[in-house]
K.L.:
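Encoded as structure tokens, here's the structure I'll be asking about.
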Amino acid sequence: MFFQVLSLHAFPVIVHAVLVPITYLAASNSSGAVCLDGSVPAYHLLPGASNSWHISLEGGGWCDSVVSCANRAKGHWGSSIYMQSPTGFAGSLSNDASVNPDFFNWTQVFVRYCDGASFTADVEEPLVLYFRGKRILRAVIDDLRSKGLSNATQVLLSGCSAGGLSTILHCNDVQSLLDPGVTLKCLSDAGFFINTSDPGGHYLMSKLYKDVVSLHKLENTLDQSCIGDSNGDATKCFFPEIMKAYVKPPLFLLNAAYDSWQLEHGLNLSRDSYNSCISYSSCPPVELLQGFRASMLDALSGGWSSLALYINACFTHCQATWDATWNIPKINDKASLPCRSPAQSVGDWYFERTAQPEQAIDCAYPCNPTCIQQA
Ligand SMILES: *[C@@H]1O[C@H](CO)[C@@H](O)[C@H](O)[C@H]1NC(C)=O
Ligand SMILES: *[C@@H]1O[C@H](CO)[C@@H](O)[C@H](O)[C@H]1NC(C)=O
Ligand SMILES: *[C@@H]1O[C@H](CO)[C@@H](O)[C@H](O)[C@H]1NC(C)=O
Ligand SMILES: *[C@@H]1O[C@H](CO)[C@@H](O)[C@H](O)[C@H]1NC(C)=O
Ligand SMILES: *[C@@H]1O[C@H](CO)[C@@H](O)[C@H](O)[C@H]1NC(C)=O
């Protein structure tokens with residue numbers, strides 16, 4: 001993933017990202033923290049300022065059945081045997097000041113995802129497969145502490161897609177694994193998966209998450225006060241719209257109002273049907289799209305005062321991990337603020353540079369000509 005080819009907008013056509021080698025956890029240090037297939041977890045570390053760390057959690061969907069997890073165990077999302085090294089760091093992980101003005105000189109870490117349940121499971125018995133994601137995240141943080149994270153004074157935890165969900169689910173845990181007094185802020189990129197139905201009335205995400213929660217036995221590991229408040233329905237606490245109220249450190253939600261992954265998997269729309277929207281020509285299921293946006297804004301409501309938001313009217317998924325989507329799309333949300341990109345808005349939020357809370361909600365499609373189509 002080190003080249004990004006864009007079909008819209010001339011700049012930048014191809015992005016060369018810095019290549020960062022993989023680090024495997026020592027088996028003796030991993031304390032039973034293993035990928036689905038039993039292999040050791042891994043991360044990529046790009047050294048930078050010793051007191052400032054950005055830790056990004058990889059995404060890549062979930063597995064919701066023994067069969068889908070067994071298949072996943074045969075690839076890099078389930079086994080470190082298949083993870084590529086090096087990998088490219090771009091967008092918010094870039095060490096180029098022109099691309100990543102606020103975090104370029106931080107120590108940057110990309111944590112590989114190989115458990116299939118957003119780093120949440122902790123099942124003791126291996127049933128052919130290992131469900132140990134929660135242990136993986138702890139073991140990785142522990143290992144990073146020995147490599148200098150224990151000297152950090154400011155940390156950004158981020159992730160996109162399933163990693164964006166992980167960011168919401170683990171923001172409190174990560175805070176507890178850092179020294180008291182360390183500033184932690186959490187940026188969830190394309191991690192705001194909502195409980196919505198497809199045109200046929202099927203709640204596809206709810207079904208998927210229910211199966212993930214049950215297979216990986218997450219009733220024991222997800223936020224217990226959330227589960228208590230949800231009358232024991234642990235699946236609710238895998239949904240960001242419920243969990244966001246329990247996150248204690250500052251949380252920033254960066255999401256497209258027309259998140260392309262959710263249009264495909266939550267609304268069951270074909271790629272073609274929404275891709276035609278990008279050219280602002282025809283857009284067949286426009287009522288569905290606006291209904292989805294309305295559901296997302298509704299799910300985001302409640303707790304707005306403590307949340308930072310950047311919800312743009314683009315058809316995209318994961319904007320912090322690419323140079324172009326991190327910098328080019330703009331929202332002109334408030335008369336008093338200039339048009340800002342995700343990079344600017346996240347930087348302003350992290351460093352508290354604006355008087356107003358960062359809550360940028362774009363107009364409804366079609367209105368924003370600065371969106372980028374991902375390859
Ligand atoms: C194992 O962890 C210890 C303490 O956290 C650390 O000093 C050591 O370098 C680690 N070993 C390896 C091989 O990573
Ligand atoms: C990164 O570089 C900028 C610009 O030179 C500087 O202001 C900032 O303090 C540096 N950040 C860290 C964490 O070293
Ligand atoms: C933390 O900083 C001190 C002082 O610079 C240094 O001696 C020590 O090795 C650092 N700790 C780690 C784990 O890198
Ligand atoms: C999702 O929404 C549907 C319809 O309101 C509801 O039946 C279902 O329980 C919800 N799922 C979760 C996990 O809350
Ligand atoms: C999605 O829609 C197609 C028809 O476009 C249908 O065949 C399929 O069963 C639907 N998928 C789900 C998971 O509902």
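Whatever order the structure lists ligands and atoms in, that order sets their numbers, starting from 1. Small disclaimer: the values here were computed from a predicted structure and weren't measured.
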K.L.:
Taking only heavy atoms of Thr235, which atoms of ligand 4 are found under 4.0 Å from at least one of them?
P.N.:
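Near Thr235, the atoms of ligand 4 are 13 (C).
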K.L.:
Tell me which protein heavy atom sits closest to atom 9 (O) of ligand 2, plus the residue, atom name and distance to 0.1 Å.
P.N.:
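Protein heavy atom at minimum distance: Asn105 ND2, 4.9 Å.
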K.L.:
Would you please classify the geometry between the Phe239 ring and the Tyr209 ring as parallel, tilted or perpendicular, with 30° and 60° separating the classes?
P.N.:
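Rings of Tyr209 and Phe239: tilted, 30 to 60°.
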K.L.:
Can you list the ligand 5 atoms lying under 4.0 Å from a non-hydrogen atom of Asn268?
P.N.:
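Answer for ligand 5: 1 (C), 2 (O), 3 (C), 8 (C), 10 (C), 11 (N), 12 (C), 14 (O).
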K.L.:
Answer with side chain, backbone, both or neither: which part of Tyr209 has a heavy atom less than 4.0 angstrom from an atom of ligand 4?
P.N.:
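No part of Tyr209 is near ligand 4 at this cut-off.
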K.L.:
Is a donor from one side chain sitting under 3.5 angstrom from an acceptor on the other, for Glu264 and Ser260?
P.N.:
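Judged by distance alone, the side chains do not pair up.
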K.L.:
As a test of the contact definition, would atom 7 (O) of ligand 2 count as having a protein heavy-atom neighbour under 4.0 Å?
P.N.:
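Under the 4.0 Å cut-off, atom 7 (O) of ligand 2 has no protein heavy-atom neighbours at all.
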K.L.:
If you look at every heavy atom in Arg340 and Asp348, which pair is closest and at what distance?
P.N.:
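Smallest heavy-atom distance, with atoms named: NH1-OD2, 2.8 Å.
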K.L.:
What residue and atom, counting heavy atoms only, is the protein's closest point to atom 5 (O) of ligand 4, and at what distance?
P.N.:
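The closest heavy atom on the protein side is Tyr203 OH, 4.2 Å.
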K.L.:
Of all the atoms in ligand 4, which lie at a distance below 4.0 Å from a heavy atom belonging to Ser206?
P.N.:
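By the 4.0 Å cutoff, the relevant atoms are 1 (C), 10 (C), 11 (N), 12 (C), 13 (C).
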K.L.:
When the aromatic ring centroids of Phe315 and Tyr365 are compared, is their separation below 6.0 Å?
P.N.:
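Distance test on ring centres: under 6.0 Å, yes.
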K.L.:
Going by the order shown, which atoms of ligand 4 are within less than 4.0 Å of some heavy atom of Phe239?
P.N.:
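What qualifies from ligand 4 is 13 (C).
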K.L.:
Would you call Asp233-Lys236 a salt bridge at under 4.0 Å N-O?
P.N.:
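Yes, this pair counts.
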K.L.:
Can a protein heavy atom be found under 4.0 Å away from atom 11 (N) of ligand 2?
P.N.:
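Yes; the ligand atom in question has protein heavy-atom contact below 4.0 Å.
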K.L.:
Would a line drawn from the ring center of Trp106 to the ring center of Tyr350 be shorter than 6.0 Å?
P.N.:
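Centroid separation for Trp106 and Tyr350: below 6.0 Å.
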K.L.:
Just which atoms of ligand 2 are under 4.0 Å from any heavy atom in Ser52?
P.N.:
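Numbered from 1, ligand 2 contributes 13 (C).
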K.L.:
Is atom 14 (O) of ligand 5 in close reach of the protein, with a heavy atom under 4.0 Å away?
P.N.:
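So far as the 4.0 Å threshold goes, atom 14 (O) of ligand 5 is in reach of a protein heavy atom.
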K.L.:
Evaluate the 4.0 Å heavy atom contact test for atom 2 (O) of ligand 2: does a protein atom fall under the cut-off?
P.N.:
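Under 4.0 Å from atom 2 (O) of ligand 2, at least one protein heavy atom found.
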K.L.:
Determine, using ring centers only, whether Phe110 and Tyr43 are less than 6.0 Å apart.
P.N.:
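Aromatic pair excluded; centres sit 6.0 Å or further apart.
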K.L.:
Strictly below 4.0 Å, N to O, side chains only: are Arg138 and Asp122 in salt-bridge contact?
P.N.:
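Looking at Asp122 together with Arg138, the answer is no, because their closest N to O distance does not fall below 4.0 Å.
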